[in-house]
Protein chains: 2
Amino acid sequence: MKTSCQHRHRHSHKKQELAALTSRLRREARKITGPRAAILEILRHHPHPLTNKEIFAQLPKGECDLATIYRAMQMLEKLGMVKRFDFGDGAARFELVGEGDDGHHHHLVCTRCAEVVEIAECFPEEIERRIANTNGFTGVTHRLEFFGLCPECQK
Amino acid sequence: MKTSCQHRHRHSHKKQELAALTSRLRREARKITGPRAAILEILRHHPHPLTNKEIFAQLPKGECDLATIYRAMQMLEKLGMVKRFDFGDGAARFELVGEGDDGHHHHLVCTRCAEVVEIAECFPEEIERRIANTNGFTGVTHRLEFFGLCPECQK
DNA sequence: AGCCAGTTGCAAACGGTTTGCAACTGGGTG
DNA sequence: CACCCAGTTGCAAACCGTTTGCAACTGGCT
Ligand SMILES: [Mn+2]
Ligand SMILES: [Mn+2]
Ligand SMILES: [Zn+2]
Ligand SMILES: [Zn+2]
């Protein structure tokens, strides 16, 4: 038996096919343009959340405008194809999300070199349920990121 | 016997004396000025994190400049008298921290009306320790906030 | 009373993000 | 396959929270 994870995140299917991504776009009546294909291609090959500027930097220069990336990420987020993360440094980060996955998961970030580790653990459901009930809230979810010193930066 | 909380936050001592706060400033060789006293007075009476703009709005108009508030909060944070929180809306929020307390705690925020509830629960230490060990990180801590619909907004 | 490091107001700069607009194009229609 | 237009793009300007340079001011010590 394999260790089973209580949530199935995007970690399960490493890379999504570009074709699957574009068909998902087409299905939503969105156009497959040069910039969009390029952005998806970059996200597809990157395992951790990327800022708009980082995506921009990876693009062959002149490929597309920064504003276009902002607009693309907004759209992809609305379609649920991308998940937004916040490492508290003032820049949004985005990660591709598998189809049918809500992308909810967490990270461990080095406060010195910014190395990122994907974390499988989540805040215990039972405690969250208690917090929600105690306060009469519904639809409760959480934002959670871990910070510390990575092995390299401890030396 | 009273229900004991595993961490001792600022929730224990409801309001700190203004005198205690100013003496804490003096001890650090900081000047007690009009703006600073006014800011502390506002924080002292507010149970939840406030943005700089919110503090500014509560100040008798003309009392002090917005930039002064930004500078004051930076200083207070550095002295550990105030804790910074991030509800993901792009504006930092600050809450007064009791002496000897690091202020670590969490909130439950209504996504519709922005009501805030102080939360006593924390991410389980044992799981956090495991996450740190597994990845060789040290000094691991976390940022965690809950979001949902408050009782009022469900109607 | 006098001094000076620390503090303040003001305005400009900053960095991430959004937006108005006119030119352009993907992809369905006939 | 040519046409057409809603959707998309680049560019520049606007935005918004935050920081900073600077000259005037002041709390608290001698
Ligand atoms: Mn991730
Ligand atoms: Mn709080
Ligand atoms: Zn989680
Ligand atoms: Zn915690």
Side-chain angles (χ1 to χ4, degrees), chain A residues 18-19 21-42 49-79 81-94 114, chain B residues 18-19 21-42 49-79 81-94 114:
Chain A
L18 185 59
L21 294 168
T22 56
S23 85
R24 209 162 149 196
L25 271 189
R26 235 182 301 269
R27 203 183 317 151
E28 299 278 355
R30 287 330 199 318
K31 293 183 182 172
I32 319 300
T33 62
R36 291 181 177 176
I39 291 170
L40 288 173
E41 198 57 22
I42 287 172
L50 287 174
T51 64
N52 287 297
K53 212 201 302 176
E54 286 169 342
I55 295 173
F56 185 61
Q58 306 236 3
L59 246 27
K61 63 167 176 290
E63 172 69 44
C64 104
D65 192 81
L66 225 203
T68 301
I69 299 181
Y70 276 96
R71 286 191 271 233
M73 301 317 292
Q74 281 186 167
M75 176 210 53
L76 292 174
E77 185 185 20
K78 192 165 330 182
L79 298 194
M81 292 180 60
V82 119
K83 175 87 174 171
R84 177 188 299 255
F85 292 95
D86 180 358
F87 289 178
D89 65 350
R93 283 157 208 273
F94 300 89
Chain B
L18 185 59
L21 293 168
T22 56
S23 85
R24 210 162 147 196
L25 272 189
R26 236 182 302 269
R27 203 183 317 151
E28 300 277 355
R30 286 330 198 322
K31 293 181 182 173
I32 318 300
T33 62
R36 290 182 178 176
I39 291 169
L40 288 173
E41 198 57 22
I42 286 172
L50 288 173
T51 64
N52 288 297
K53 212 202 299 176
E54 286 169 343
I55 295 173
F56 185 62
Q58 306 236 0
L59 248 25
K61 64 169 176 289
E63 171 69 45
C64 104
D65 192 82
L66 225 203
T68 300
I69 299 181
Y70 276 96
R71 286 192 271 234
M73 301 317 291
Q74 281 186 166
M75 176 210 54
L76 292 173
E77 184 184 21
K78 192 164 331 180
L79 299 194
M81 293 179 59
V82 119
K83 175 88 175 172
R84 177 189 299 255
F85 292 95
D86 180 357
F87 289 178
D89 64 350
R93 283 156 209 273
F94 300 90

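Please read all numbers here as calculations on a predicted model, not as lab measurements. Chain identifiers are assigned alphabetically (A, B, ...) following the order of the sequence lines, protein sequences preceding nucleic acid strands; residue numbering begins at 1 within each chain.
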Side chain to side chain, B/M75 and B/R36, heavy atoms closer than 4.5 Å: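 Yes, their side chains come closer than 4.5 Å.
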Check: A/R24 and A/L79 side chains under 4.5 Å, non-hydrogen atoms: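 No - every pair of side-chain heavy atoms lies 4.5 Å or more apart.
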Closest non-hydrogen atom pair, B/A91 against B/T51: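 Closest heavy-atom pair between B/A91 and B/T51: CB-CG2, 4.0 Å.
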Supply the atom-to-atom distance [X] [atom1] to [Y] [atom2], rounded to the nearest 0.5 angstrom.
| X | Y | atom1 | atom2 | answer |
| --- | --- | --- | --- | --- |
| A/E41 | A/L59 | CD | CG | 11.0 Å |
| A/R71 | A/L66 | CZ | CG | 11.0 Å |
| B/Q74 | B/I69 | CD | CD1 | 12.5 Å |
| A/M81 | A/L76 | CE | CG | 5.5 Å |

Separation of atom CD in A/E54 from atom C1' in C/dG15, rounded to whole Å: 15 Å
Atom-pair distance (CD on A/E28; C1' on C/dG27), nearest Å: 17 Å
Side-chain donor/acceptor of A/R84 to backbone N/O of A/A92, under 3.5 Å: no
Nucleic acid footprint by protein, nucleotides 8-21 of chain D - heavy-atom cut-off 4.0 Å, B for base, S for sugar-phosphate alone: SBBB-----SBBBB
Pairs under 3.5 Å (N/O, protein and nucleotides 28-30 of chain C):
none

